[in-house]
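Data first, discussion second: the structure below is written as structure tokens.
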Protein chains: 2
Amino acid sequence: MSAANIDVRTLGTPDQINTWMRDVLARVEDKWGVLILGILSSGPLRYAELGRQLPDTSQRMLTLSLRRLERDGLVVRTVFPSTPPQVEYALSPVGLSLHLQMAQLIGWALEHEDYIRTHRRSYDEARPGGGSGGG
Amino acid sequence: MSAANIDVRTLGTPDQINTWMRDVLARVEDKWGVLILGILSSGPLRYAELGRQLPDTSQRMLTLSLRRLERDGLVVRTVFPSTPPQVEYALSPVGLSLHLQMAQLIGWALEHEDYIRTHRRSYDEARPGGGSGGG
DNA sequence: CCGTATCCTCCAGGATACTG
DNA sequence: CAGTATCCTGGAGGATACGG
């Protein structure tokens with residue numbers, strides 16, 4: 001599909017979008033989701049190694065994020081009944097396709113980083129006191 | 001741009017992504033951002049009309065979202081010094097390009113809605129008590 | 001090694017009331 | 001009409017401790 005000229009509103013009512021799509025995005029945007037997809041995109045990893053690559057994650061959040069991604073079928077969890085126990089996380093094909101979409105969005109963000117930073121600065125300069133906020 | 005085979009980690013350190021990109025996405029994902037971009041994508045609107053198309057928004061949030069989008073140069077605010085005052089919001093070219101990206105993401109979400117719903121259901125059925133959550 | 005349980009903090013965002 | 005100002009709540013997510 002040539003999604004280039006999609007109008008959001010042809011995709012459903014605002015409410016449908018604000019429900020379903022935010023629901024989907026929330027999963028990937030639950031602070032660690034995008035990162036997990038990104039890291040897994042170059043190959044399966046075990047729990048601890050994943051944790052090592054996401055140094056600021058609490059185990060709680062890592063597990064939670066992983067469970068959600070697994071529940072949605074974006075990530076596949078495989079347990080190898082060895083000693084000590086070994087668990088591997090991998091992207092599913094659909095998970096990979098989402099990662100590809102996200103990569104485009106990240107690409108957009110990076111392409112326009114300068115524009116946005118510059119615009120923010122001039123906006124802030126024009127309004128005393130209204131500053132702070134962005135990075 | 002062939003962003004199709006971008007690896008997230010070639011785009012910067014995880015931290016950079018987790019800082020800047022989430023910063024950008026937050027703006028569009030601050031609950032009403034995507035919707036605002038979507039609605040404005042078919043033409044400029046005035047404040048009240050925008051509010052009417054986003055029935056569940058508080059004025060506070062509408063204003064806040066609009067200000068952020070404006071600050072980043074994604075939305076252009078034009079004041080017509082008439083009586084009563086008239087303010088028009090429109091997408092900037094960069095805002096439009098972000099909307100196009102988001103539209104692709106929405107397209108993805110809609111394409112895979114069935115897959116995800118199904119997967120969730122079977123996941124939940126396999127785990128008593130772990131249910132609820134999704135739509 | 002691979003998680004789960006519990007407690008606590010912080011702030012996005014809603015309700016409501018007011019103004020130029 | 002086009003916002004501001006203020007108060008308040010829910011829940012995402014961090015810290016920490018424990019279990020299989």
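Order of the sequence lines sets the chain letters (A, B, ...), proteins ahead of strands, with each chain counted from 1.
Contact annotation: Tyr47(A) does not reach the phosphate of dT4(C) (side-chain N/O to OP1 or OP2, under 4.0 Å). Look at Arg77(B) and you won't find any side-chain N or O under 4.0 angstrom from OP1 or OP2 of dA2(D). When the side-chain nitrogen and oxygen atoms of Arg46(A) are compared with OP1 and OP2 of dG3(C), none of them lie within a distance under 4.0 Å.
Closest approach to the Gln59(B) side chain among dC1(C), dG3(C), dT4(D) is made by dT4(D) (side chain taken as heavy atoms from C-beta onward). Side-chain atoms of Thr63(B) lie closest to dT4(D) of the nucleotides dT4(D), dG3(C), dC1(C). Nearest to the side chain of Ala48(B), among dG3(C), dC1(D), dG3(D), sits dC1(D).
When the C1' atom of dC1(C) is taken as reference, atom CD of Glu88(A) falls 15 Å away, rounded to whole Å. What separates CZ of Arg52(B) from P of dG3(D) is a distance of 14 Å, to the nearest Å. Rounded to whole Å, the distance from CG on Leu62(B) to C1' on dT4(D) is 13 Å. When the P atom of dG3(D) is taken as reference, atom CG of Leu50(B) falls 10 Å away, rounded to whole Å. Spacing between atom CG of Leu66(A) and atom C1' of dC1(C) amounts to 14 Å, rounded to whole angstrom units. Taking atom CG of residue Leu45(B) and atom P of nucleotide dC1(D), one finds them 14 Å apart after rounding to whole Å.
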Pairs: protein N or O with nucleotides 11-14 of chain D N or O, under 3.5 Å:
unit_1: dG13(D); atom_1: OP2; unit_2: Asp30(A); atom_2: O; d: 3.3
unit_1: dG13(D); atom_1: N7; unit_2: Arg60(A); atom_2: NH2; d: 2.5
unit_1: dG14(D); atom_1: OP1; unit_2: Lys31(A); atom_2: NZ; d: 3.3
unit_1: dG14(D); atom_1: O6; unit_2: Arg60(A); atom_2: NE; d: 3.2

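With rounding to the nearest 0.5 Å, the separation of CD in Glu125(A) from CZ in Arg120(A) is 14.0 Å. A distance of 8.5 Å separates CG of Leu98(B) from CG of Leu69(B), quoted to the nearest 0.5 Å.
Listed by chain and number, the residues in a side chain to side chain donor-acceptor pair (under 3.5 Å) with Glu113(B) are Arg117(B) (sequence neighbours excluded). Contacts of Arg52(A) classified as side chain to side chain donor-acceptor pair (under 3.5 Å), with partners at least two apart in sequence or in another chain: Glu49(A). Partners of Thr63(A) by side chain to side chain donor-acceptor pair (under 3.5 Å), not counting sequence neighbours, listed by chain and number: Tyr47(A). Residues satisfying the side chain to side chain donor-acceptor pair (under 3.5 Å) criterion with Ser58(A), sequence neighbours excluded, are absent altogether.
Backbone-only engagement by Tyr89(B) is indicated by non-hydrogen atom pairs under 4.0 Å involving sugar-phosphate atoms exclusively.
Comparing the end axes of the helix from dC1(C)-dG20(D) to dG20(C)-dC1(D), each fitted to five base pairs by superposing C1' atoms of four pairs onto the next four, gives an inter-axis angle of 50° (nearest 10 degrees).
Contacts classified as ring pair (Phe, Tyr, Trp, His ring centres under 6.0 Å) and involving residues 100-122 of chain B (residues at least two apart or in different chains) are given here: Trp108(B)-His112(B), Tyr115(B)-His119(B). For residues 83-93 of chain B, the set of pairs meeting the side-chain hydrogen bond (donor to acceptor under 3.5 Å, both in side chains) definition, not counting sequence neighbours, comprises Arg67(B)-Tyr89(B), Arg77(B)-Tyr89(B).
Under the 4.5 Å side-chain criterion, counting only non-hydrogen atoms from C-beta, Leu66(B) is in contact with Leu62(B).
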